[in-house]
Amino acid sequence: MAWIELMIAGVFEVVWATAMKLSNGLTKMNYTVATVVGMIISFLLLARATKSLPLSLAYPIWTGVGAVGSIIVGVFFFGDKIPLATWFFVALLLIGIIGIKVTVGD
């Protein structure tokens with residue numbers, strides 16, 4: 001269950017980062033509220049996950065899921081241009097996240 005909470009926490013990291021971008025510097029109230037709510041949910045789920053997962057695994061996975069997810073959102077929804085070489089490193093992040101999960105197990 002902790003791994004599921006951790007993955008959902010990572011997804012909410014993408015949610016709050018996206019809402020923050022859409023908030024125009026926290027000047028649009030609806031997106032500002034979505035940013036804060038997304039942060040709270042993300043942090044709460046991370047905290048729950050660290051009850052049974054080591055911080056040394058949970059935190060890098062949380063940030064990795066958020067980073068990869070934010071890159072994908074940036075490219076597909078905001079038209080960010082990412083050089084081809086950068087995609088190699090994004091792939092390494094994803095491989096690292098999967099590798100940590102596979103080698104740690106439960």
Side-chain angles (χ1 to χ4, degrees):
M1 187 65 170
W3 285 100
I4 293 169
E5 291 173 334
L6 185 57
M7 291 299 122
I8 296 169
V11 168
F12 271 96
E13 187 175 6
V14 176
V15 168
W16 74 253
T18 303
M20 183 176 61
K21 167 75 172 165
L22 293 170
S23 76
N24 194 33
L26 303 177
T27 60
K28 295 182 178 178
M29 190 54 69
N30 55 338
Y31 289 115
T32 299
V33 170
T35 299
V36 172
V37 170
M39 285 178 167
I40 291 169
I41 293 170
S42 183
F43 283 115
L44 287 174
L45 288 170
L46 174 63
R48 286 177 53 106
T50 58
K51 284 181 169 180
S52 58
L53 294 175
L55 178 64
S56 59
L57 299 175
Y59 184 74
I61 289 173
W62 178 66
T63 57
V65 169
V68 171
S70 294
I71 290 167
I72 291 168
V73 167
V75 167
F76 288 103
F77 292 100
F78 297 114
D80 297 350
K81 303 295 182 210
I82 304 294
L84 185 58
T86 302
W87 283 110
F88 171 75
F89 295 105
V90 173
L92 287 179
L93 274 171
L94 189 57
I95 290 166
I97 292 166
I98 293 168
I100 291 170
K101 170 59 176 121
V102 169
T103 58
V104 172
D106 300 342

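- Atom CD1 in Ile61 sits 10.5 Å away from atom CG in Leu46 (nearest 0.5 Å).
- Contact of the Asn24 side chain with the Thr27 side chain is registered, since non-hydrogen atoms from C-beta on lie closer than 4.5 Å.
- Within the 4.5 Å cutoff, the side chain of Leu22 has no heavy atoms near those of the Lys28 side chain.
- Taken from CZ in Arg48 to CD1 in Ile8, the straight-line distance is 10.0 Å, to the nearest 0.5 Å.
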Which donor-acceptor pairs under 3.5 Å do side chains of residues 67-87 form with protein atoms, sequence neighbours excluded?
residue: Ser70; atom: OG; partner: Gly66; partner atom: O; Å: 2.8

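- Counting only heavy atoms from C-beta outward, the side chains of Ile97 and Val65 approach each other to under 4.5 Å.
- Shortest non-hydrogen contact noted between Ala2 and Ser52 is CB-OG, 3.1 Å.
- Counting only distance, with no hydrogens or angles, the side chain of Thr32 and the backbone of Ser23 share no donor-acceptor pair below 3.5 Å.
- Remark: Phe12 CZ to Thr18 OG1 distance equals 12.0 Å, nearest 0.5 Å.
- Leu55 and Leu45 are not part of a single hydrophobic cluster, where members link through side-chain heavy atoms under 4.5 Å apart.
- Within the 4.5 Å cutoff, the side chain of Val104 has heavy atoms near those of the Trp3 side chain.
- Once rounded to the nearest 0.5 Å, the distance linking NZ of Lys101 with CG of Leu6 reads 10.0 Å.
- Hydrophobic clustering (side-chain heavy atoms under 4.5 Å, transitive across Ile, Leu, Val, Met, Phe, Trp, Tyr) keeps Val11 apart from Leu44.
- Atom CD of Glu5 and atom CH2 of Trp62 lie 14.5 Å apart (nearest 0.5 Å).
- Contact check for Trp16 versus Tyr31: no side-chain heavy atoms found under the 4.5 Å cut-off.
- A donor-acceptor contact shorter than 3.5 Å links the side chain of Thr35 to the backbone of Met20.
- Under the 4.5 Å side-chain contact rule for hydrophobic residues, Val90 and Val14 share a cluster.
- In the hydrophobic clustering of this structure, Val15 groups with Ile4; members are Ile, Leu, Val, Met, Phe, Trp, Tyr whose side-chain heavy atoms approach within less than 4.5 Å, directly or through other members.
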